[in-house]
Amino acid sequence: MANETLRAVRGMNDILPAGIGLWQHFEAVIRDWLASYGYQELRTPILEHTGLFKRAIGEVTDIVEKEMYTFVDELNGESLTLRPEGTASCVRAVVENNLLYDGGKRLWYQGPMFRHERPQKGRYRQFHQVGIEALGYAGPDMDIEHLLMTARLWKMLGLAEFVVLEINTLGGAESRASHRQKLIEWFEAHQDQLDEDSRRRLYSNPLRILDTKNPAMQDLVEAAPKLIDELDAAAMAHFDAVRQGLDAAGVAYRINPRLVRGLDYYNYTVFEWVTDKLGAQGTVCAGGRYDGLVAQLGGKPAPACGFAMGVERLLALMAESGQNPPGAVADAYVVNVGDAATRFAVLAAEALRDAGLKAVLHCGGGSFKSQMKKADASGARFAVIIGDDEAAAGEASVKPLRGEGPQQRVGLAELAGIITKE
RNA sequence: GCGGCGGUAGCUCAAUGGUAGAGUCCCAGAUUGUGAUUCUGGUUGUUGUGGGUUCGAGUCCCAUCCGUCGCCCCA
């Protein structure tokens, strides 16, 4: 086993060739899907000033308090942080580059995110997200677009039967504040019934108490003040419109009044797509509206909403459902035995590539038998066989490896024509 | 960060405290120029790491690292 310092950092994984086919398939689907909705890709740095995440995500959230990879750049004393999520960077880039000067923008990004949590299946310290953000759109039509987008994506990925949609509304800032105050008062009055976790959260994140799995507290939680009673008419109308949009499109959902997001910037619509196939890390996609964030990060006030997907979790679901697409395989594997044959095989392989084919040239010598085994194991559809006989004649033998068919011997000019494209 | 379980060949797994093994994979041969089946032979290890107990430790004890399940958190 490798020395500790020569191992990957805990919770950060290599993605090996054997598993890359699923990633590439996923990424190809994602690109088609986003293009079909007219979203444009945005790429931001992995590293940001620490203050960005503190302001965007919230000082008292778990992410900021104990999960960020924050360090001081010793060359200039700046405090920097590996991004734990993508929305903050996206909004920062939008504000910094005035991207909303000519109206709303539909954006997406993908890449690694970093959180210092204890690794578990579906939870890694470096993990990947695909995020979608729509900025400058206030109406429920955009919330609906996002929900329909996600529903379509599950179909495209073959996951529709494994995930269910939960939605909720958090209302505006005022509603949330007054609800929070009433919650604190309610739980203060029933402190004797709170468990240890809940007492700890009472003032830091009282909304989370509603999410408790402690059966002894269910009655108390059920009777607690409900956010829906605090919602103003505008928030209710927005939520109703979102629901009508889902109904009209035939997207099933469950209203979960206890659904709250762990990041401070959300308001109005929030949602999660969850699965029961991945154990404790069952959320594969989540998001919602965050109308205050652009202004909070110094931009001209602009409404916004978006969501992010956990790529590793979605891939785990796809694998669970039996999907295992192969990585790229060559059209031809070029077998060569003998010095003259090896020199000629280089040219034969180049000729195949000139014709737009994928060709793997056998390197390293070995018997015909061992090279044929490599050709078979490579998955290539044809073996192009070159010995000194062929080399002397300027020809190559072509043998189909997958289907029936005779072995043929042809000159270089005809070689590519025999190897059919798939 | 907390609790439970686990870690033996590249992979999947065996091995009463007493010589570390099998299957698979890989390599070679049977077939002196031809893969996927078959047969024969061969390589593969600081038993995660470091201590301790013992005549003797893969096995028991402690620590640590890593994984896994749950909590927590979240995508």
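Protein chains get the first letters and strands the later ones, always in sequence-line order, with residue 1 at the start of each. Side chains included, hydrogens not; waters and symmetry mates left out as well; all remaining heavy atoms used.
- In this structure, of B/A75, B/C2, B/U34, it is B/A75 that holds the atom nearest to the side chain of A/Glu117.
- A heavy-atom distance below 4.0 Å to RNA chain B is reached by these residues of residues 393-402 of chain A, ordered by number: A/Lys399, A/Leu401, A/Arg402.
- Using a 4.0 Å cut-off, some side-chain N or O of A/Lys374 falls inside it from OP1 or OP2 of B/C27.
- Heavy-atom distances to RNA chain B give each of A/Gly287 and A/Leu278 a nearest nucleotide, and the one nearer the 5′ end belongs to A/Leu278.
- Here A/Gly282 lies out of heavy-atom contact (under 4.0 Å) with every strand.
- Whole-Å rounding puts the A/Phe271 CZ to B/A75 P distance at 11 Å.
- One N or O on the side chain of A/Arg125 and one on the backbone of A/Glu117 form a donor-acceptor pair closer than 3.5 Å.
- Taking the P atoms as reference points, B/A22 lies 34 Å from B/U54, given to the whole Å.
- The pair A/Arg243-A/Asp247 does not meet the salt-bridge criterion, since no charged nitrogen lies less than 4.0 angstrom from a carboxylate oxygen.
- Atom P of B/G4 sits at a distance of 43 Å from the matching atom of B/U43, rounded to the whole Å.
- Pair assignment for B/G70 gives B/C2, based on Watson-Crick or G-U wobble hydrogen-bonding distances that are each under 3.5 Å.
- Rounded to an integer number of Å, the gap from CD of A/Gln281 to C1' of B/C69 is 11 Å.
- Taking atom CG on A/Asp62 and atom P on B/C72, their separation rounds to 11 Å, with Å as the unit.
- Comparing the same atom, C1', in B/C61 and in B/U68 gives a spacing of 24 Å after rounding to whole Å.
- Computed from coordinates, the A/Ile57 CD1 to B/A75 P distance equals 9 Å when rounded to whole Å.
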**Message:** Is there a side-chain hydrogen bond (donor to acceptor under 3.5 Å, both in side chains) between A/Thr70 and A/Thr81? Walk through the geometry before answering.
**Reply:** CA-CA 4 Å; A/Thr70 294; A/Thr81 296; 2.8 Å; yes
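- Within 4.0 Å (heavy atoms only), A/Gly122 reaches at least one base atom of the nucleic acid.
- Across all strands shown, B/U37 remains unpaired; no Watson-Crick or G-U wobble contact has both distances below 3.5 Å.
- When the P atom is compared between B/A14 and B/G7, the two are found 9 Å apart, to the nearest whole Å.
- Here A/Arg83 does not pair with A/Glu85 in a salt bridge; the nearest charged N to carboxylate O distance is not below 4.0 Å.
- Comparing B/G70, B/C2, B/G29 by their nearest atom to the side chain of A/Gln120 picks out B/G70.
- Of all nucleotides listed (B/G29, B/C66, B/C74), B/C66 comes nearest to the side chain of A/Arg7.
- Nucleotides B/U8 and B/G29 place their C1' atoms 31 Å apart, quoted to the nearest Å.
- Residue A/Arg123 has its side chain nearest to B/C71 when only B/A28, B/G33, B/C71 are considered.
- A salt bridge is absent between A/Asp388 and A/Arg343; no separation between the charged side-chain nitrogens and carboxylate oxygens falls under 4.0 Å.
- Of the possible polar contacts, one joining the A/Asp291 side chain to the A/Ala304 backbone as a donor-acceptor pair under 3.5 Å is found.
- Among the protein residues, A/Glu390 comes within range of the nucleic acid bases, having at least one heavy atom under 4.0 Å from a base atom.
- For B/C13, the paired base is B/G21 (Watson-Crick or G-U wobble, both distances below 3.5 Å).
- Counting only heavy atoms from C-beta on, A/Arg313 has its side chain closest to B/C74 among B/C74, B/G67, B/G1.
- Across all strands shown, B/U44 forms no Watson-Crick or G-U wobble pair with both key distances under 3.5 Å.
- Using a distance-only test at 3.5 Å, with no hydrogens or angles considered, no donor-acceptor pair links the side chain of A/Asp331 to the main chain of A/Ala380.
- Rounded to an integer number of Å, the gap from A/Ile385 CD1 to B/U34 P is 10 Å.
- Per the geometry, NZ belonging to A/Lys373 stands 12 Å off C1' belonging to B/U37, to the nearest Å.
- Pairing of B/G56, defined by two Watson-Crick or G-U wobble distances under 3.5 Å, is not identified with any nucleotide.
- The distance from atom CD1 of A/Ile386 to atom C1' of B/U34 is 14 Å, rounded to the nearest whole Å.
- Taking atom C1' on both nucleotides, B/U24 is separated from B/A9 by 11 Å, rounded to a whole Å.
- Comparing B/G50 with B/C66, their C1' atoms are spaced 15 Å from each other, to the whole Å.
- In this structure, the side chain of A/Arg313 engages the main chain of A/Gly122 through a donor-acceptor pair within 3.5 Å.
- The side chain of A/Lys121 contributes no N or O atom lying less than 4.0 Å from OP1 or OP2 of B/G67.
- Heavy atoms of A/Val337 sit nowhere under 4.0 angstrom from any nucleic acid atom.
- At a cut-off of 3.5 angstrom, the base of B/U34 holds at least one donor-acceptor pair with the side chain of A/Gln407.
- Here A/Lys277 does not pair with A/Glu320 in a salt bridge; the nearest charged N to carboxylate O distance is not below 4.0 Å.
- Rounded to whole angstrom, the span from the CD atom of A/Gln129 across to the P atom of B/C74 amounts to 13 Å.
- With A/Tyr333 as the aromatic partner, A/Arg381 does not meet the cation-pi criteria of under 6.0 angstrom to the ring centre and within 45 degrees of the ring axis.
- Residue A/Ala286 is in sugar-phosphate contact alone, with no base atom involved, counting any heavy-atom pair closer than 4.0 Å across all strands shown.
- With distances taken from any side-chain atom of A/Arg10 to the nucleotides B/C66, B/A28, B/A75, the minimum falls on B/C66.
- With RNA chain B read from its 5' end, the first of the two nearest nucleotides for A/Phe368 and A/Gly279 is the one closest to A/Phe368.
- Between the P atoms of B/U53 and B/C11, the separation comes to 33 Å (whole Å).
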